[in-house]
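No hydrogens, no waters, no symmetry mates; every other heavy atom, side chains included, goes into these values. Each chain gets a letter, A, B and so on, in the order its sequence line appears, and its residues count up from 1.
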Amino acid sequence: MIWLLYSGLILLSLGCFLPLTFYRNYKGAIYFSSALTGVGSSLILAYSIYLIPSLLSGHAFYFRVPLLKFLSFRIDSLSDIFSILLSFLGISVSIYTPRYMEIYREEGRGAWFGILLPSFLLSMYLVVFSWNLLSFVFFWEAMTLTSYFLILWETESEETKKAAWDYFVTMHLLSSLPLFFSLAYVLCSGLPLDFSRLKFPSPLFYFIFLVAFGSKAGIFPMHFWLPEAHPAAPSNVSALLSGAMIKVAVYSLLRFTCFLMPINGTFGVVVAALGAITLTFGTLYALKQTDAKRLLAYHSVGQMGYIWLGIGIGIYLISLGGKMAPLGIVAIGAGLFHALNHAAFKGSLFLSSGAMIYSAGTKDLNELGGLWRKMPAIGVFTAIAALSIAGVPPLNGFVSKWLIYQVSFGSGNGLFSFFGILALFISAATLASFLKFYSSSFGGEPKSKLKEVPKTMGIAQGILSSICLFLGIFPWLVLPLLLTPGKILSGTTPALSSSWWLISVSSLKGTYFSPLLFSGILGGIFLVSYVVVSPKGVKASPWTCGEPLKGSEYKLSAKNYYHNFERSFEWLYSTGEKAVKWSKRASKVISIVCKGLCSAFKLSYRISSWARRMGERIYNSSFEFYLDEAIFSPMFGAFKLLSKAIGEEVKLNPWLISAIIFLGILVALLLGGVIK
Amino acid sequence: MNFYWAIALLTTWLLPPLLDGLGRKIKAKVQGRRGPPLLQTYYDLISLLKIRSSLPTPRLSFRIAPYLAFSSVIASSLILPFGSFPLSFSWDFFVLIYVAGIVSVALMMAGFSIENFYANVGANREMMMLLTLEPLLALSIAIFALNSHSLSIEGILSSLKPLPSLAFAYSLLAYVSYLEGGFLPYDVPEAETEIIEGALCEYSGSLLGIFKGAMLSKRFLFIWLLSTFLAFPWIHAPWYVLLGVQFTLTFAIYSLCSLIEAMSARKRIGEVISENWKAFGIGTIGLLLASLGW
């Protein structure tokens with residue numbers, strides 16, 4: 001059966017250059033590359049599912065590329081989970097892409113998009129399969145670069161340029177540099193590169209990997225790039241970014257800090273705390289958004305918090321060992337389950353935002369409305385995904401959230417219980433946000449002329465939404481696989497047993513939930529009442545107090561939702577503003593210092609005034625000010641200042657940026673060597 | 001033979017209108033009126049169910065929301081004991097919150113789907129209530145869980161230890177039950193006289209009847225939860241005695257709630273939100289005590 005995997009990978013690799021043959025044919029290139037991607041991911045999906053039985057017993061499967069020694073790969077239960085996740089997203093995105101990309105026709109460059117999409121997916125596959133530090137770092141960097149070019153797709157728009165630039169710089173400073181540093185360290189100290197023998201010796205690496213993978217995953221306070229970059233990309237790419245790429249960071253965090261280093265309880269608490277903070281802040285900011293894709297991106301931050309919360313509690317409990325370790329396995333499984341679920345519902349939601357753009361030409365929730373008239377099926381799929389992310393039973397989001405509550409409240413630890421309370425509260429906030437998302441885009445009557453949406457786009461979204469429903473009712477199909485990594489880590493059996501009709505958590509006094517029975521009972525009562533009392537009625541128009549009003553004038557618009565509630569978080573939203581003021585002062589101080597230092601040079605005046613302008617630009621450019629921008633804008637200021645000092649033209653000169661990044665990598669390599 | 005599920009389903013379906021009738025009677029007496037007959041709410045509901053409803057929107061969500069609310073509230077009764085635990089899909093506290101929460105989800109789906117400002121505002125307020133109530137409920141569960149080392153309602157009830165922090169958990173639970181029930185100072189989302197029943201504004205006839213029934217059942221469910229928590233951990237008796245105690249407590253609490261309702265005027269949503277945050281602040285002291293083992 002191995003040919004399934006090989007042919008899948010080969011098809012994706014062919015996709016990395018073959019679409020170039022359609023250089024003058026936009027449509028041809030996109031169709032061809034989507035076909036390669038779709039077939040390639042389905043083959044890999046088939047193989048990943050085929051492997052499950054042998055992976056459950058702790059086996060792993062190795063393969064390598066002949067001649068190139070450093071390209072060695074392995075699939076174990078952890079990689080397999082992410083390979084399944086990547087595959088179903090890859091399949092639905094490749095069904096979605098051909099028709100959706102019509103709206104970018106003016107941009108041209110179809111062949112380039114054609115090679116970027118399969119390369120991006122392939123690099124993510126190979127990151128999770130890598131069994132060698134060198135190949136891991138190589139494909140990690142490939143993933144960052146391809147995603148950068150995909151985010152930068154609408155090259156004309158200033159916003160996109162800024163977002164892509166932020167993404168590029170942040171990823172290289174916070175994610176690639178630490179990885180290069182660790183690679184240099186390993187190379188210089190003569191440690192083996194192979195993951196089976198590699199063990200990172202110093203606790204310093206916990207911090208390094210926390211930064212490297214936390215920034216990629218969008219963990220607070222390193223999440224600031226995410227709500228900019230994810231919405232900037234075309235929606236099919238956003239689905240891959242939010243659905244898959246940030247999950248690859250979760251995989252890497254687990255792989256590096258749990259499998260390549262000894263399990264550390266304190267580290268677990270830090271991860272859980274970061275998760276709790278991230279889910280709270282990410283979602284509270286999301287609640288305020290009225291741009292569909294920005295809202296979704298902030299929720300990706302929030303949901304990533306749930307995943308980290310689960311995994312962090314798991315690491316802590318497993319490190320305790322003894323009676324708590326079985327619950328720790330459940331915690332890691334819960335985090336991984338949420339990652340899988342998030343890929344399904346967030347993928348579906350981003351695809352629906354693409355349908356909004358395709359049909360209405362806008363993603364502003366204040367201007368959207370009545371989409372259900374043109375796309376009732378997509379409306380249903382979006383509703384399923386929205387209810388799923390809000391954790392409404394019996395959808396998949398509920399099952400993973402329920403497991404996260406089990407481990408946080410059931411750990412008997414006051415701190416984790418408090419994190420659990422935050423998680424439960426944020427679950428309600430997520431519901432609030434998605435009721436807004438759904439009702440203001442699909443509810444009411446259309447506000448402008450809507451375009452018909454192609455069937456394939458609906459089918460692509462339908463696949464993801466049915467996964468939401470399916471995994472919610474039959475979680476037992478994936479739970480054993482999700483629990484295996486934790487089992488390998490702790491060496492005991494998990495405190496969870498699942499059968500086709502029941503999940504029971506046997507920790508403490510034990511509790512259970514039967515999704516199938518629940519759906520049966522709910523559906524049964526629903527049907528009986530629906531049949532007994534008919535919902536038939538007389539058509540009427542909404543009551544407008546007798547005033548002849550148009551419907552759209554008589555509906556709450558997205559920006560007015562939850563006003564009173566948001567007011568009670570004004571301190572949070574305004575802290576950002578205050579902090580930005582402070583950071584503006586900080587940039588001014590930096591500029592004064594620079595002025596003083598460089599006064600001997602002719603450049604001094606220009607640099608300092610430029611830095612001041614930078615501060616003012618950051619202050620003036622954004623509509624709302626967030627805490628994160630305040631923390632990092634001085635850092636960016638300094639970095640941009642440095643680039644300014646080196647060259648004249650900084651603004652988005654790719655060669656210069658690459659040169660600076662390259663310089664940074666060299667410094668990291670040197671540092672790694674020296675510290676060793 | 002487990003027949004408790006039948007008691008659960010039938011009670012949650014059929015009893016709430018009687019309680020409502022009792023509440024109306026009490027309010028009338030307090031205000032010096034004669035009040036409607038005890039069974040008036042049954043008559044109201046039956047006559048509503050006979051009338052065809054008017055549909056201000058052809059949307060599916062508008063039509064299925066009442067049924068969704070009704071079925072989820074009836075299903076969630078299976079998580080609670082009625083004398084003893086029924087055969088059920090779960091006895092877990094979180095499942096209870098989420099399944100009972102579907103009622104609010106349905107109400108908001110209905111309210112937001114229509115182009116009617118009153119309905120939108122009602123749904124909006126319902127969401128804000130939910131947002132501030134959920135942390136309170138979570139706090140009380142956390143204290144119960146730390147006290148009894150369990151998350152299933154059955155486990156909690158069977159092993160609660162009388163510690164000082166429990167006072168916080170009980171008061172939070174009582175507060176939440178009162179607010180979730182939508183009794184008068186807190187009936188902000190459905191404010192009849194102010195925003196014409198909010199999300200229910202556009203409903204009429206049989207659909208309204210089902211929605212009303214579901215709301216009454218939800219109110220009953222939370223009071224039943226409270227009386228279960230008051231009775232079960234401390235009284236060890238055969239199931240029929242326990243069931244009797246549960247019924248007595250439910251009637252007593254419902255009467256008390258109606259009494260409070262008769263004497264209060266509606267609050268504004270902003271007031272309710274800030275009040276809830278204060279309650280959360282006080283509740284955290286309870287969590288702190290519980291995590292210290294008190």
Which bit of I64(B) comes within less than 4.5 Å of chain A, counting heavy atoms only: side chain, backbone, both or neither?
-> both
Within-4.5 Å side-chain heavy-atom neighbours: F398(A) and V95(B) = yes
Fit a plane to each ring of F418(A) and F280(B), take the angle between them on a 0 to 90° scale, and name the class: parallel (under 30°), tilted (30 to 60°) or perpendicular (over 60°).
-> tilted
Among the options L502(A), I503(A), V380(A), L435(A), pick out the one with the most heavy-atom pairs lying under 4.5 Å from chain B.
-> L435(A)
In short, A75(B) meets I521(A) closest at the heavy-atom pair CB-CG2, 4.0 Å
Measure S88(B) against the heavy atoms of chain A and call it side chain, backbone, both or neither at under 4.5 Å.
-> both
Contacting region of L516(A) [heavy-atom separation from chain B under 4.5 Å] = neither
Heavy-atom pair with the smallest gap, counting every atom of L287(B) and G414(A) | CD2-O, 4.5 Å
Considering only heavy atoms and a distance below 4.5 Å, find which of L207(B), I74(B), V99(B) pairs most often with chain A.
-> V99(B)
Using non-hydrogen atoms only, which part of L424(A) is less than 4.5 Å away from chain B: side chain, backbone, both, or neither?
-> both
List the atom of M127(B), the atom of A428(A), and the distance in Å for their closest heavy-atom pair.
-> CE-O, 3.2 Å
The interface call for A383(A) against chain B, heavy-atom contacts under 4.5 Å, is neither
State yes or no: are the ring centers of F425(A) and W277(B) separated by less than 6.0 Å?
-> yes
Residue that, paired with I525(A), satisfies side-chain contact (heavy atoms from CB on, under 4.5 Å) out of Y67(B), F70(B), W13(B) = F70(B)
Do S72(B) and L522(A) touch side chain to side chain, with heavy atoms closer than 4.5 Å?
-> yes
Ring centroid separation F409(A) to F94(B) under 6.0 Å | yes
Spacing of S417(A) atom OG and L146(B) atom CG [to the nearest 0.5 Å] | 4.0 Å
Should we say atom NZ of K161(B) is surrounded by more than 12 heavy atoms from elsewhere, each under 6.0 Å from it?
-> yes
Taking all non-hydrogen atoms of both residues into account, name the closest pair between V392(A) and V105(B) and its distance.
-> CG2-CG2, 4.3 Å
Value for OG (S439(A)) from CD1 (I114(B)), rounded to nearest 0.5 Å, stands at 11.0 Å
When heavy-atom pairs shorter than 4.5 Å are enumerated against chain A, which of G205(B), S291(B), A142(B), A290(B) gives the highest number?
-> A142(B)
Heaviest contributor of heavy-atom pairs below 4.5 Å to chain A, chosen from I153(B), I273(B), D92(B), L9(B), is D92(B)
If you look at every heavy atom in I421(A) and P135(B), which pair is closest and at what distance?
-> CG2-O, 3.9 Å
Among F526(A), Y530(A), Y512(A), F513(A), which has the most heavy-atom pairs under 4.5 Å with chain B?
-> Y512(A)
Could you state the interatomic distance from CZ (F442(A)) to OG (S113(B)), rounded to the nearest 0.5 Å?
-> 14.0 Å
Rounded to the nearest 0.5 Å, how far does OG of S519(A) lie from CZ of F89(B)?
-> 9.5 Å
To the nearest 0.5 Å, atom CE of M108(B) lies from atom NZ of K436(A) at 14.0 Å
